[in-house]
Amino acid sequence: MSKAAVRSSPRRKPAPSSAASSVGRWPHRHLLQLYGLPAADLRTVLRRTRTYAEGLPASLIDPHDVGRGGKDFSHELRGMVAANLFFEDSTRTRVSFSVAAARLGVRVIDLTNMGSSVSKGETVGDTVLNIAAMGADAMVIRHRSSGSTHLVVRTLQERHESAARKGGSPVPIPSIINAGDGRHEHPTQGLLDIYTLAAAFNRLDTFDLKGLTVVILGDIGSSRVARSGVAGMTALGARVICVGPPSLVPAAFTTLGCEVSHDLDAVIHQADAINVLRIQFERHEIKQPGAAENAPKATSSNAIASIREYHELYGISPRRAGHMKRGAIIMHPGPINRGVELTPEVADSGRSMVLRQVSHGVAVRMAVLGLCLGAR
Ligand code: CP
């Protein structure tokens, strides 16, 4: 069994999926990380993504990708309930999971720190046990602690097994989907970045990324997007180079199967795609004891000398983008610090796939929900 997922146990079956026939077998009930997921499983979810993308309204998906539109998938998971548990802020991922669930007929319950009993000190473990006891079929979880979704799965399994041993009625185990856990992984972001690459380079038939060089640029050490990207892209054959200042790009990243460079100008001409990451000032911040939760967000970091210098050396300006290959693309998971890692001209240019990524995210999340909730 891969570390990325836990195989399914008996559960209520969703309606037969019209998308299911086009993809391979998917043995995972949860999606916690891309690291360790075999290429065949990545291709299964990407093929299912394509099926959904082809059915989404044409306005959502670039017509060159697919986007014939007009299909109704709402019967596929009708009657199921998903809980979005976002203990850390999000715009794209949270809304995208809600849109994806709605398109599959899943009802979504939203829970955040504010307005939940987490603000009264309830632990994440108790929160998920309570929501599982209400019968949610899936939980989409974002949390600032790396490894938190693994902990959630373990908590649910232990409670389930302990109740079964005692002859009680076990708490059902919903599908757990990692929507970003600290610096660890953001698997659906990794998948939508891969899908965007495949669409841009005409690889939607094979999802084989051999021959493509992807630069992942910026605050690599803080980034769950980088870890998911390296795992998924290298598994599908891409060459990945993580680039940024030594203080933000740990040399140990090479053990994940990528290369590391601190000189963007030395490698930019090799890139077919640059995935530009935000500097996550909030993860560099050392919280003072007793500091208020709503204290102003950090905008500086000890890891870089100055934002101006960072932009000079690692920011993508029109001049620097001019050194990229013809046809090379720029991606960014968002949110963008305009003027820091990307100038507004580049962010809104023809090379930029930023909004295309967001659109693909809906189809990716439909695929993940469809596969995990239909896992058998
Ligand atoms: N890309 C991403 O995870 O964005 P959000 O933080 O807005 O969800």
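In this chain, residues are counted from 1 in sequence order. Atoms within a ligand are numbered from 1 in the order they appear, just like the ligands themselves.
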Check: Hey, which of H143, Q33, R224 is the one that makes side chain to side chain donor-acceptor pair (under 3.5 Å) with H184?
Finding: Q33
Checklist line | Polar atom proximity, P335 to ligand 1 (N or O, under 3.5 Å) | finding: no
Notebook entry, point to check: Near G334, which atoms of ligand 1 are under 4.0 Å from a heavy atom of that residue?
Noted result: 1 (N), 2 (C), 4 (O)
Notebook entry, point to check: Hey, is D348 close enough to R338 for a salt bridge, meaning N to O under 4.0 Å?
Noted result: yes
Notebook entry, point to check: Which atom pair, heavy atoms only, marks the closest approach of H311 to T343?
Noted result: CE1-CG2, 3.7 Å
Note to self: With heavy-atom distances below 4.0 Å as the criterion, list the atoms of ligand 1 near T91.
What the structure shows: 5 (P), 7 (O), 8 (O)
Checklist line | For atom 2 (C) of ligand 1, closest protein heavy-atom neighbour | finding: T93 OG1, 3.5 Å
Checklist line | Aromatic ring pairing W26/H28, orientation class (parallel under 30°, perpendicular over 60°, tilted between) | finding: perpendicular
Margin query: Judged on heavy-atom distance to atom 3 (O) of ligand 1, which of H186, R278, Q357, R224 sits nearest?
Written below: H186
Note to self: Do M331 and Q357 have side chains that approach each other closer than 4.5 Å (heavy atoms only, starting at C-beta)?
What the structure shows: yes
Check: Considering only protein heavy atoms, which is closest to atom 1 (N) of ligand 1, and at what distance to one decimal place?
Finding: P333 O, 2.8 Å
Next item on the list: Check whether NZ of the Lys or CZ of the Arg R142 lies under 6.0 Å from the centre of the six-membered ring of F86 and within 45 degrees of that ring's axis.
Entry: no
Next item on the list: Check each of Q189, R92, R142 against atom 6 (O) of ligand 1 and report the one with the nearest heavy atom.
Entry: R142
